[in-house]
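The structure under discussion appears below in the form of structure tokens.
Each ligand, and each atom within it, is numbered from 1 in the order the structure gives.
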Amino acid sequence: MVKYLVYIYVQGLFCFLRNSFQEKFCQSCTSTRTFLLIARHASLMSMLVAVAALMMVHYLVEPWFRQKRLRTAPGPFPIWPVLGSLPSIGKLPHRTFYHLSKKYGDVMELKLGSTRAVVISSPNFAEEILKTHDQVCASRPDAVFAHVVVYGRKDVAFAPYGNHWRHMRKLCVLELLSPKRLEFTKNLRSEEVSFMVKDVYELCKEGKAVNMRSRLYETSMNVVTRMVFKRRYFDNTKQSTAEAEEFKELVMKHMNLAGVFNLSDYIPYLKPFDLQGYVPIMKEAGSRMDRFLSKIVEEHVKDSKSTSTAADHRDEEEEEEEEEVKDFVDIMLSLPAAETGSGRLEINTIKAVIDDMICAGTDTSATTVEWALVELLRHPEAMKKAQAELDDVIGSERVVDEGDIHELKYLQDIVKETFRLHPPLPLLLAHESIGDCTVGGYFIPAKTRIFVNAWAVHRHPSAYQKPLEFNPSRFVGSRIDVQGLDFQLLPFGSGRRMCPGLRLGLITVQLELARLLHSFTWKLPAGQDPQDIDMDEILGVSAPKVIPLHVVATARLPLHLYTAPGTTH
Ligand code: HEM
């Protein structure tokens, strides 16, 4: 309509200027002819003003028409100027988004600062984002954290969709997280879990309550650091070193900082002012982490130089053995740069990828096992059932092995139910669209930040009965799995950006939980009622319990099964 008016105004102006108006030209349109009769008598000046005014109206009204035509998703009206809905999302955005979705729907649009954000809260719309529009929604938003701490987005998790991301992800999948590599490193995981069990046993002998958060964190960290660069930071026979404690603290800090709602990420023109003061904190954490990572890389470079001088004397068999013994950092150092195919991978890229693996691999598994223990303490019948299954399948003369997990069906269901109610990354990692798409009939333009709220999806009434209850038996006989094909259960995401560490993460969680349940009877310290356990979580990238779980364990297997093995790597 507005366009049409502008069109006839311009036509009139054109005719007026040329002073060669011909009746014939406008005969086909009576409204135009009437208008032109008036226009013929108007001054050139008033005509120009009218055109300018109409163009302005067009400029202002056109987006409204477009919105009507393209139908963007409903959402809360942004009350705050400049900030939009940012101040209302609180410290636990997944919970706020969940409550808002009850009012506005499972595809909801929010204005966060100057950023357009869409929140997805149901399995069918999660499928549209992560499957139907997988490629269009496969990028990540730019974030100050990723620039300051993760070497300018040279890693996998924060890298924009493109060649660098593709190359680095493939490298991780093939050289660290492949089934072959996982098989090769399976003894190492078994050892670390045995160390944890022994540690808990020693403490429970003395009747002390164990801080499970710490134990699980240290175990998961040892697993990942040994797989990535063959180094154990935590040794349960000794007091942990200041270096190990600092590394652990840094990994935790990284996970917190990566998840903060930083104004600069949502209102880019405020970036230079850093109003919340995050940049100095990120810089400090980043440079401390860099010292650790640089040392790891330097040691590997030194080792590879000394090995290469002896290379001439090796036969083929020895070379093959050496390939097997190489760790992930050795492999990265031996690879050509992705972009050029020659030279070496940039050192900062190598450090960024190591950082990703340690942070992503440690926190997630530890958080899940802690939540599983909490839920089992609150649901003793489920704990008993799991232990009965373990006694039945494993007996009491040996410990659980990774190869046993496929037979422990109820344990698998407990892990699924824990992932459902406590997904370690409740909002996955934020996605960003690189093109336009339509989800649930709503238009999502390019450059929209997309939050798939796994926390809400997992509680969706279309997917689960009594969704707020912890009930592992809901998965008995069900084919729902966490592999990214069932959109009602997405702890690892789905599609191109899905977690590449799924196999490692899942087996670590299952093995740790199986060993802990098989080895001990669990109770809370005297005077505490399981129903009073504080269930609040904090959100960084992941969502662990606010208060770490302290428990008292009693051995339930013959004592010789609590000895720690010799370390083989
Ligand atoms: C219980 C364990 C784990 C859970 C629940 C988990 C969950 C997730 C989730 C939800 C995402 C984001 C998916 C998305 O944005 O769509 C992710 C990404 C990622 N995870 Fe995991 N993860 C776990 C363990 C691991 C491990 C052990 C590693 C590696 C050692 C790892 C490495 C990564 C990386 C590199 C990404 C980024 C992928 C990309 O952007 O392409 N994760 N993870």
Side-chain angles (χ1 to χ4, degrees), residues 94 120 126-127 129-131 133-134 137-141 143 146 150 153-162 164-173 175-178 181-182 185 189 216 219-221 223-229 251 255 258-259 328 352-372 415-416 418-420 422-432 449-455 457-458 482-484 487 489-513 541-544:
H94 56 291
I120 302 296
E127 181 168 2
I129 290 285
L130 300 172
K131 188 175 169 192
H133 302 297
D134 180 17
C137 300
S139 203
R140 299 277 189 221
V150 198
R153 307 176 79 187
K154 290 216 166 15
D155 65 331
V156 180
F158 294 98
Y161 183 65
H164 174 82
W165 163 77
R166 206 171 285 115
H167 185 72
M168 288 305 120
R169 186 175 160 110
K170 195 167 156 198
L171 178 65
C172 297
V173 170
E175 304 293 352
L176 181 73
L177 305 164
S178 67
R181 205 74 204 166
L182 291 187
T185 50
R189 285 187 294 282
L216 291 163
T219 305
S220 301
M221 200 161 153
V223 165
V224 181
T225 56
R226 282 179 72 183
M227 283 180 69
V228 176
F229 51 89
V251 173
M255 292 303 277
F328 186 52
V353 174
I354 304 174
D355 189 42
D356 252 20
M357 295 301 110
I358 298 170
C359 294
T362 300
D363 198 276
T364 43
S365 322
T367 300
T368 310
V369 180
E370 188 184 17
W371 277 121
V415 171
K416 282 183 199 170
T418 308
F419 275 137
R420 187 183 74 78
H422 308 281
L425 275 68
L427 295 171
L428 309 186
L429 291 174
H431 287 228
E432 188 178 84
R449 195 168 296 224
I450 300 165
F451 295 105
V452 176
N453 191 356
W455 201 86
V457 169
H458 294 176
V482 295
Q483 307 288 332
F487 291 86
L489 192 58
L490 292 168
F492 296 92
S494 174
R496 282 174 168 74
R497 282 288 185 163
M498 180 177 184
C499 176
L502 186 153
R503 275 196 209 92
L504 174 61
L506 186 60
I507 198 71
T508 307
V509 167
Q510 290 170 333
L511 183 68
E512 286 180 355
L513 188 63
V541 174
S542 67

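- Each of the atoms 39 (C), 40 (O), 41 (O) of ligand 1 lies under 4.0 Å from some heavy atom of Val156.
- Taking NE2 of His133 as the reference point, atom CD of Glu127 lies at 11.0 Å (rounded to 0.5 Å).
- Checking only distances, Trp165 does come within under 3.5 Å of ligand 1, N or O to N or O.
- Closest of all the heavy-atom pairs between Trp165 and Pro160 is CB-O, 3.4 Å.
- Short contacts between ligand 1 and Leu428, defined as distances under 4.0 Å to a heavy atom of the residue, involve ligand atoms 10 (C), 14 (C), 15 (O), 16 (O).
- Of the protein's non-hydrogen atoms, the one nearest atom 10 (C) of ligand 1 is Pro491 O, 3.1 Å.
- Protein heavy atom nearest atom 33 (C) of ligand 1, with residue, atom name and distance: Pro500 CD, 3.6 Å.
- Those atoms of ligand 1 with a heavy atom of Met357 less than 4.0 angstrom away are 29 (C), 30 (C), 35 (C).
- Remark: minimum distance from atom 13 (C) of ligand 1 to any protein heavy atom is reached at Arg497 O, 3.3 Å.
- The ligand atoms of ligand 1 that sit less than 4.0 angstrom from a heavy atom of Arg169 are 38 (C), 39 (C), 41 (O).
- Proximity annotation for atom 16 (O) of ligand 1: of His422, His431, Gln510, Met498, His431 comes nearest, heavy atoms only.
- Each of the atoms 12 (C), 15 (O) of ligand 1 lies under 4.0 Å from some heavy atom of Leu429.
- Taking every heavy atom of Leu425 and a limit of under 4.0 angstrom, the matching atoms of ligand 1 come to 9 (C), 10 (C), 11 (C).
- Here the heavy atom of the protein found nearest to atom 28 (C) of ligand 1 is Gly501 CA, 3.7 Å.
- In this structure, CG in Leu504 is found 4.5 Å from CE in Met227, a value given to the nearest 0.5 Å.
- Distances shorter than 4.0 angstrom occur between a heavy atom of Arg140 and an atom of ligand 1.
- Ranking the protein heavy atoms by distance from atom 4 (C) of ligand 1 puts Phe492 CE2, 3.3 Å first.
- Of the possible donor and acceptor atoms, none in the side chain of Arg420 sits under 3.5 Å from a partner among the backbone N and O of Leu489.
- When only interatomic distances are considered, the shortest N/O to N/O separation between Ser365 and ligand 1 does not fall below 3.5 Å.
- For atom 27 (C) of ligand 1, the closest heavy atom belonging to the protein is Gly361 CA, 3.5 Å.
- Atoms of ligand 1 lying under 4.0 Å from at least one heavy atom of Pro424, given by number and element, are 5 (C).
- Side chain of His458 to main chain of Leu490: a donor-acceptor pair is present (N/O by atom type, distance under 3.5 Å, no hydrogens or angles).
- For atom 8 (C) of ligand 1, the nearest non-hydrogen atom of the protein is Cys499 CB, 3.5 Å.
- With hydrogens and angles ignored, the 3.5 Å screen pairs a side-chain donor or acceptor of His164 with a backbone N or O of Lys154.
- For atom 23 (C) of ligand 1, the nearest non-hydrogen atom of the protein is Thr364 OG1, 3.5 Å.
- The shortest separation from a heavy atom of Leu504 to ligand 1 is under 4.0 Å, placing the residue in contact.
- Side chain to side chain, Thr185 and Arg181 fail the donor-acceptor criterion of an N or O pair below 3.5 Å.
- Looking at Arg153, its side chain does come within 3.5 Å of a backbone N or O of Phe158 through a donor-acceptor pair.
- The two atoms that bring Met498 and Val482 nearest to each other are CE-O, 4.1 Å, heavy atoms only.
- No donor-acceptor pair under 3.5 Å is formed between the side chain of Ser542 and the backbone N or O of Thr364.
- The closest approach between a heavy atom of Phe158 and any atom of ligand 1 is not below 4.0 Å.
- Between the side chain of Arg497 and the backbone N or O of Ala138 there is at least one donor-acceptor pair closer than 3.5 Å.
- For the atom pair Asp134 CG and His431 NE2, the distance stands at 8.5 Å (nearest 0.5 Å).
- Of the possible polar contacts, none joining the Trp371 side chain to the Pro424 backbone as a donor-acceptor pair under 3.5 Å is found.
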